[in-house]
Amino acid sequence: MTLLVAETLGIHFGGVQAVDDVSFAVETGRIFSIIGPNGAGKTTLFNLISGIYRPNTGRILLAGEDVTGLPPHRLAAKGIARTFQNLQVFYGMTVIENVMVGRHLREERRLVPAMLGLPSVTRQNRATRKKAHEILAFVGLDERIDEPAGALSYGDLRRLEIGRALALEPKLLLLDEPAAGCNPVETAELIGLVRNIAEQGVTIVLVEHDMRFVMQISDRVLVLDGGRMLAEGSPEAVRQNPEVVAAYLGRHGAREAGYARG
Amino acid sequence: MRALLSSRWTTLGLLCLVIAALPLVFPSGYYYRVAALVWISAIAAVGLNIFMGYAGQVSLGHAGFFGIGAYAVAIGPARFGLNSWLCIFLGVFLSAALAWLVGRPILRLRGHYLAIATLGLGFLIALVLANEARWTGGPDGTAVPRLTIAGARLMEPVTWYWISGGLLTLGTALALNLENSAVGRALRALHDSEIAAALAGIDVARHKLRAFVIAAVYASLAGSALALFDGFITPDAAGFLRSIELVAMVVVGGIGSTAGSIVGAGLLVTLPQILAVFVEYEQIALGLIIMVVMIFLRRGIVPSARRLIVRRAP
Ligand SMILES: Nc1ncnc2c1ncn2[C@@H]1O[C@H](COP(=O)(O)OP(=O)(O)OP(=O)(O)O)[C@@H](O)[C@H]1O
Ligand SMILES: [Mg+2]
C-alpha cells in the first residue's frame with residue numbers, strides 16, 4: 001500500500017526554484033531516504049509535505065487523500081510528524097514536557113476544565129506523563145526527564161525531537177538529518193532506533209548526509225540536485241547511477257563520494 | 001527541592017499565607033489600601049503573564065482592557081441605571097469580545113509588529129475614554145457608584161483588601177491550573193517554536209487568541225475592582241504608562257512565573273509609595289531599581305531566587 005504520494009511538486013522563492021517537478025511514492029512501513037548536496041531542496045521538500053509551505057505546483061496525497069495546502073496542525077492530526085534539521089526544541093520546558101506536548105492531539109483541550117483543574121485534567125496529565133515516559137524510554141532518554149531540555153547534549157536533543165514526534169503516534173515520520181552532529185556511536189544507536197520505529201509500522205522518510213547511514217537503512221533512495229530529481233530507486237541502483245556519482249564528485253566532498261561508491 | 005519550589009501548591013499556599021498574615025503587621029489602616037492596590041494590579045499582571053510569559057507574545061496596550069473594565073462599572077450604573085455586579089460581567093464580556101475581534105488579525109503579527117499593534121489598540125481605547133466626555137466624563141474622569149452587597153456599600157479599604165485578595169487567589173489558582181494542562185503546555189510550546197508546536201498538532205493562532213482573551217478578562221476584572229474601590233476613575237487607568245507598568249510587573253517579577261507577576265506587582269505598586277520620601281527623585285530611584293533588578297536578576301526576581309535556592313540545596 002502507498003502512504004505518501006508527491007505529484008510534480010514545485011515551489012520557488014523569488015527566482016530560486018527550490019523544488020522543481022518532484023514526484024515519488026512511499027510505501028507504508030518502509031524507510032525512504034532523500035539525499036543530495038547542500039541546497040538541493042531536501043528540507044524544502046519536507047516543509048512542503050508538512051504544510052509549512054504551500055507548493056506552487058503539484059499535489060500531496062496521504063493514504064490516497066489530497067492534503068495539499070493543509071496547515072501543519074491539520075497535517076499533524078492526519079498523522080504526519082517530523083523533526084528539524086536545525087533543532088526546534090521547547091527549551092523553556094523540561095525533557096518530559098517536550099514529549100508531553102507531542103500528545104496534544106490525544107488530550108482534552110477545553111479551556112474551562114483546564115483552568116478549573118478538574119480531576120479529569122489531573123488524570124489526563126498523569127496519563128500523558130506516563131505515555132511520555134514510555135516514549136522517552138523507547139528513544140533511550142528516560143534518565144533525566146525532569147531536567148530542562150537545554151541540559152541535554154546535542155545528540156540527545158535529536159532523540160528528544162524524535163520522541164516528541166513519536167508521541168503523536170504518527171503514520172508518517174519525517175526525519176531531517178537525524179544524525180547531524182552525532183558521533184559514530186550515537187549514529188549507530190540512531191540507526192537501531194530508526195529501524196525499531198519502522199518495525200512498529202511507522203513509515204519513515206529521512207534526509208541524511210551520512211551515506212553509510214542511508215545505504216544501510218533505506219528501502220528506497222531519492223536523489224535531489226538543484227531542486228530536481230536526479231534518480232530514485234533501491235540503494236544499490238542509486239549508488240551505481242553514473243549521474244549520481246558525477247553529481248557527488250562534481251560538487252560534493254570526496255568523502256561522501258567515497259561512500260556513494262561504496 | 002526543585003519539585004517543591006515549582007509546585008503550584010507552594011505558590012498558592014504562600015499567597016494565602018501572605019494575604020492572611022499581612023494585616024497582623026499593618027501599623028495603620030492606610031496599609032490596607034496599598035495592599036489592595038497591589039492585589040488588584042497583580043490580578044492584571046497574572047493575566048498578562050498568561051499571554052506574555054506562557055505564550056511569549058507581547059501586549060503594550062493591555063491597560064486598555066483594564067480601562068474597559070473600570071469604565072463599565074462607572075458608566076453602566078450611572079448612565080443606564082444598570083446593576084454594578086452586572087456591569088462587571090458586561091466589562092468582561094466587552095473586553096473578551098474586543099480581544100477576540102482584534103486579536104484574530106493582529107496576533108498574526110510577531111515581535112515588534114505585534115507590540116506596535118497592541119500599542120495602537122491601547123491608545124485607541126484610552127483616546128475614546130478621554131474624548132467621549134459625554135459618556136466618560138472626559139480627561140477629568142468620572143465618579144464610580146459603589147458596589148453594594150445586601151444594602152451595605154463596599155468602600156472600606158479593609159473590605160477591598162479581602163475582596164481583591166480573594167480574587168487574586170482565585171485568579172492565581174486558575175492560571176496555575178492552566179499552566180499544568182494541555183492548553184498551558186501548548187502555549188509554552190508555541191512560545192519556544194511556533195513551527196514545532198504546529199507540527200505537534202497545536203492550532204497556534206487559536207491558542208494565541210485564547211491567551212489574549214484570557215489576559216483581557218483578567219485585566220478587565222482588575223479594572224472594575226480598582227474603579228469600585230477608588231470610587232473614581234480617569235482615562236489614565238487605560239493609558240500607555242499603565243500598560244508599560246503592567247509589562248514591567250510581569251518582566252521584573254519573572255516572565256512566565258505566576259508568582260513572579262504577583263511579586264512584580266508588589267514591587268511596582270509599593271516602591272513609589274516608599275520612594276515618595278525622595279520627592280522629586282522618586283521616578284529616578286524607581287527607574288534605577290528596576291534597571292538594577294534586571295541587570296542582576298536577568299530572569300526576574302522569582303525565577304532567579306528559585307535558581308539560587310535550588311543550587312544551594314543539597
Ligand atoms: N524560505 C525560503 N526563502 C528563500 N529561499 C529559500 C527558503 N527556503 C529554502 N530556500 C532556498 O531553497 C534552496 C533549497 O534549500 P533547502 O534548505 O531545502 O536545501 P537542503 O537540501 O535542505 O540543504 P542542506 O543539505 O544544506 O540542508 C536553497 O537555495 C535555499 O536558499
Ligand atoms: Mg536541509
Side-chain angles (χ1 to χ4, degrees), chain A residues 46-47 50-52 71-84 86-94 97-118 120-122 124-125 128-129 132 146-150 161 164-165 167-168 170 174, chain B residues 1-3 6 8-9 12 46-47 50 53-56 96 170-207 209-211 213-214 217-218 254-258 299 303 306-307 310:
Chain A
F46 269 19
N47 285 341
S50 56
I52 293 169
H73 68 273
R74 298 277 308 281
L75 288 169
K78 295 208 179 287
I80 298 182
R82 77 172 274 192
T83 66
F84 299 86
N86 52 343
L87 294 170
Q88 297 285 324
V89 171
F90 305 133
Y91 286 106
M93 305 174 96
T94 62
E97 281 177 328
N98 265 268
V99 179
M100 287 170 80
V101 171
R103 301 293 296 168
H104 183 76
L105 289 169
R106 314 261 163 189
E107 293 186 287
E108 161 73 57
R109 306 184 290 277
R110 276 181 309 164
L111 203 52
V112 174
M115 292 192 81
L116 293 179
L118 296 184
S120 62
V121 176
T122 314
Q124 173 176 280
N125 278 338
T128 301
R129 199 181 147 88
D146 285 317
E147 283 185 46
E161 280 208 344
R164 181 177 68 197
L168 199 92
L174 310 173
Chain B
M1 197 66 194
R2 193 199 299 268
S6 56
R8 61 187 135 156
W9 298 113
L12 217 50
V46 165
I50 292 174
Y54 295 5
L170 182 68
T172 302
L174 297 182
L176 291 171
N177 285 337
L178 181 69
E179 189 179 352
N180 288 295
S181 70
V183 181
R185 283 190 290 274
L187 295 177
R188 287 154 63 211
L190 72 88
H191 181 169
D192 284 336
S193 169
E194 288 191 16
I195 285 187
L199 275 150
I202 294 165
D203 186 339
V204 171
R206 177 153 181 265
H207 278 85
L209 192 59
R210 282 175 144 185
V213 171
I214 295 169
V217 167
Y218 272 76
I255 194 153
S257 158
T258 300
R299 294 156 195 269
R306 203 172 265 160
R307 269 167 76 90
V310 168

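Labels below follow one simple rule: chain letters A, B, ... track the order of the sequence lines, proteins then strands, and each chain is numbered from 1.
- Shown here for B/Ile195 and A/Phe84, the closest heavy-atom pair between the two residues is CG2-CE2, 3.3 Å.
- In this structure, no portion of A/Arg74 lies under 4.5 Å from any heavy atom of chain B.
- When all heavy atoms of A/Phe90 and B/Ser193 are compared, the pair lying nearest together is CE2-O, 3.7 Å.
- The candidate with the highest count of non-hydrogen atom pairs below 4.5 Å against chain B, out of A/Val121, A/Leu116, A/Asn98, A/Leu118, is A/Leu116.
- The contact between B/Ile214 and chain A is made entirely by side chain atoms (from C-beta outward), counting heavy-atom distances below 4.5 Å.
- In A/Arg106, the CZ atom is crowded: over 12 heavy atoms of neighbouring residues, nucleotides or ligands sit closer than 6.0 Å.
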Between B/His207 and A/His104, does a ring pair (Phe, Tyr, Trp, His ring centres under 6.0 Å) hold up when you go through it step by step?
-> CA-CA 12 Å; B/His207 278 85; A/His104 183 76; 5.3 Å; yes

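- Contact check for A/Arg109 versus B/Asp203: no side-chain heavy atoms found under the 4.5 Å cut-off.
- Across B/Asn177, B/Leu190, B/Val183, the residue that shares the most heavy-atom pairs under 4.5 angstrom with chain A is B/Asn177.
- Residues B/Leu199 and A/Leu168 have side chains not in contact (no heavy-atom distance under 4.5 Å, counting atoms from C-beta outward).
- Evaluation of the side-chain contact (heavy atoms from CB on, under 4.5 Å) rule for B/Ala211 yields B/Ile50, B/Phe51, B/Ala55, B/Leu187 as partners, not counting sequence neighbours.
- Most heavy-atom pairs under 4.5 Å with chain B, from the set A/Leu75, A/Thr83, A/Ile52, A/Thr128: that is A/Ile52.
- For A/Gln124, the part lying near chain B is the side chain, with the backbone staying farther off; criterion is any non-hydrogen pair under 4.5 Å.
- The most heavy-atom pairs under 4.5 Å with chain B, out of A/Pro71, A/Pro170, A/Ala76, come from A/Ala76.
- The closest side-chain heavy-atom distance from B/Arg206 to A/His73 is not below 4.5 Å.
- A/Asn125 has its side chain within reach of B/Arg185: a pair of non-hydrogen atoms, C-beta onward, lies under 4.5 Å apart.
- Chosen from A/Gly102, A/Ala165, A/Gly92, the residue pairing most often with chain B at heavy-atom distances under 4.5 Å is A/Gly92.
- Heavy-atom pairs under 4.5 Å with chain A were tallied for B/Ala182, B/Ala189, B/Ala200; the largest tally goes to B/Ala189.
- Both the backbone and the side chain of A/Val101 come within contact range of chain B, with heavy atoms under 4.5 Å apart.
- The shortest side-chain heavy-atom distance between B/Leu178 and A/Met115 falls under the 4.5 Å cut-off.
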